[in-house]
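Accompanying notes for the structure given below.
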There are 2 protein chains.
Amino acid sequence: MVLKLDKVNRGPHLSTLVASSISREIAEGRLKPGDQLPTEQALAQTFGVSRNVVREAIARLRSEGRIWSQQGRGAFVTDATNTTVLTIDYDALQQANAFRSLFELRGILEVEAASLAAKRRTESDIAAMHEALDIMTGAPYGSVMWLKTDLEFHRTVAAATGNPYMVQFLTFVSERVRDSILAAGNQQRSDDMASITLGEHRRILEAIEAGNPEEAQAAMQDHLAGAAHRVGLPDIKPD
Amino acid sequence: MVLKLDKVNRGPHLSTLVASSISREIAEGRLKPGDQLPTEQALAQTFGVSRNVVREAIARLRSEGRIWSQQGRGAFVTDATNTTVLTIDYDALQQANAFRSLFELRGILEVEAASLAAKRRTESDIAAMHEALDIMTGAPYGSVMWLKTDLEFHRTVAAATGNPYMVQFLTFVSERVRDSILAAGNQQRSDDMASITLGEHRRILEAIEAGNPEEAQAAMQDHLAGAAHRVGLPDIKPD
DNA sequence: GAAGCCAGAGTTGTATGATAACCATGCAAC
DNA sequence: GTTGCATGGTTATCATACAACTCTGGCTTC
């Protein structure tokens, strides 16, 4: 039997609620950049929690770059654009348009990564890619292991560019895309998909190994077009 | 007389230090996914701070998706791939190689954004780009206003792609690049740089306005090559 | 022997009060 | 006008206590 349980809504921590609440105030413009937040004591009182909880919320917002605080002065909303972290809202991604946009961004990076990888790959890069592809070949299509090594293969391609930020960004984007696909659960499965997908991967690997950027780029492009189709995203590149 | 004083290094909050320390333990593998963290009391003791500070640090790590915690059990390291935020370490960026990598990533996104913008721009996109360019024309080269509108121009180009994530990622990367340039302070300044830079921008805008993706792409490519040269990054595209 | 119950220790979540460090302001003294 | 100082307000940190929860081990009951 397969249980499909929602994650237990173990009441999120109070600090999380407070942080979200303040975050919303900022997002919706009731707190503008430069504005001073109410004092911790005042916030504690209005939310009905201890000052401690408020401080945990503020620590979180500070780490996200949304506010800054100074001892003896207070806490202030930062100049909007200066967040030090990049986040992707999970709920927003459930909308088709948002998902399509993220998929497009991923494609841009993947295609360019494949091209760069073909130019710069080292022996150990090639070996890592082969290994990932081998494991994938032995895994059942759609299984956890399959998805994991699929990501791993793409990660090795990104790594072959020699650009650590390429790896970081691509991994981040790909994971969000994967999560969204899993959540939607509209993956089509059929037996020949495994061999098709594997074939696409193999073509990418061969092009990179051969040091052919244009072919690697084209192979990745085709692979992504195929992937888009498999998750029900037609015409990702109509223009 | 002009004083050149560094901002006093007002020590970052203790909770920040604790969070960084734990973060490093995770990043360097001494704490593996699934591992349980020491108890809050133990952490407080080893760091020599109050439990309160430890909790603020943990609240922060939790919001970043690096750990999760449950009342009565403890705090655990999450399965690496589940971080919900993407961060770029400021110090690491001071190294030339890292900076070059980030600059390259920015270039990839910018070039593709210019191409997409040429295909999809709307009237209001064009207007916004013109406005940014106008303000830039009136600002002194290298001034805060100049830098601000420079970023703003690129943001309008990204916005014209219609892809919100493109805007988000490009803005994020560009700001980190800008911060790093400002920190290094090795900007060369000369009078004709203003007109050169403006000319490059104008060429991009014209190509986008004309709906010519290839020319937009090429113009952006040249602009970035010029920018790389101006910040002392030669041969960004030698391969 | 197995299942269920219960108490206790350990841990996180939250509340509360106190102290130190720091900032802004106004006023007195010079 | 400037300096120095006192004062009130705020954040940063500490310390302690209690509530809520989990786990474990022993006990009871069958």
Side-chain angles (χ1 to χ4, degrees), chain A residues 5-23 25-26 31 33-78 84, chain B residues 1 3 5-23 25-26 31 33-78 82:
Chain A
L5 298 175
D6 280 347
K7 211 171 286 180
V8 171
N9 192 359
R10 151 170 334 286
H13 302 158
L14 287 183
S15 60
T16 304
L17 295 178
V18 172
S20 306
S21 189
I22 297 177
S23 236
E25 294 295 302
I26 295 175
L31 279 174
D35 281 2
Q36 178 167 10
L37 272 70
T39 69
E40 294 180 351
Q41 213 151 27
L43 286 172
Q45 203 156 8
T46 58
F47 285 114
V49 299
S50 77
R51 209 188 125 209
N52 222 314
V53 170
V54 171
R55 281 194 59 77
E56 282 177 27
I58 287 184
R60 174 173 170 169
L61 294 174
R62 197 171 38 218
S63 89
E64 291 175 0
R66 291 196 157 81
I67 67 174
W68 64 279
S69 63
Q70 191 178 352
Q71 184 173 157
R73 291 231 295 159
F76 304 83
V77 180
T78 52
T84 61
Chain B
M1 181 178 65
L3 289 179
L5 298 175
D6 280 346
K7 209 172 287 181
V8 172
N9 190 0
R10 153 172 334 283
H13 301 159
L14 288 183
S15 59
T16 304
L17 295 178
V18 172
S20 307
S21 188
I22 297 177
S23 236
E25 294 294 303
I26 296 175
L31 278 174
D35 281 2
Q36 178 167 10
L37 272 70
T39 69
E40 295 180 351
Q41 212 152 26
L43 286 172
Q45 202 156 9
T46 58
F47 286 115
V49 299
S50 76
R51 206 188 127 207
N52 223 312
V53 170
V54 172
R55 281 193 60 77
E56 280 180 30
I58 287 184
R60 172 173 170 168
L61 294 174
R62 197 171 38 218
S63 89
E64 291 176 358
R66 292 198 156 83
I67 67 174
W68 63 278
S69 63
Q70 189 178 352
Q71 184 173 159
R73 292 231 293 160
F76 304 83
V77 181
T78 53
N82 261 354

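Here is how names work: the chains are called A, B, and so on, in the same order as the sequence lines, proteins then strands, and each is numbered from 1. None of these values were measured; they are calculated from a predicted model.
Nucleotide dA15(C) holds its P atom 14 Å from the CG atom of L43(A), rounded to whole Å.
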**Prompt:** salt bridge (charged side-chain N to carboxylate O under 4.0 Å, His left out) between E64(B) and R60(B): does it pass, once the steps are laid out?
**Reply:** CA-CA 6 Å; E64(B) 291 176 358; R60(B) 172 173 170 168; 3.6 Å; yes
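Comparing dC14(D), dA15(C), dT12(C) against the side chain of L14(B) picks out dC14(D) as the nearest. For H13(B), counting side-chain heavy atoms from C-beta on, the closest listed nucleotide (dG13(C), dA15(C), dA12(D)) is dA12(D). The side chain of V49(A) approaches dA15(C) more closely than any other nucleotide in the set dC14(D), dG13(C), dA15(C).
Under 4.0 angstrom from either OP1 or OP2 of dC23(C) there lies at least one side-chain N or O belonging to Q70(A). Residue T39(A) has no polar side-chain atom (N or O) positioned under 4.0 Å from OP1 or OP2 of dG9(D). Contact annotation: S50(A) does not reach the phosphate of dT14(C) (side-chain N/O to OP1 or OP2, under 4.0 Å).
Looking only at distances, a side-chain donor or acceptor of T78(A) sits under 3.5 Å from a matching main-chain atom of R66(A). The main-chain N or O of L17(A) is never found under 3.5 Å from a side-chain atom of S21(A) such that the two would form a donor-acceptor pair.
R73(A) contributes no side-chain N or O that forms a donor-acceptor pair with the base of dG9(D) under 3.5 Å.
Closest-nucleotide positions on DNA chain D for R55(A) and N52(B) were compared, and the one nearer the 5' end corresponds to R55(A). Toward the 5' end of DNA chain C, the nearer of the two residues A75(B) and G48(A), judged by each one's closest nucleotide, is A75(B).
Surrounding CD of Q36(B) are more than 12 heavy atoms belonging to other residues, nucleotides or ligands, all under 6.0 Å away.
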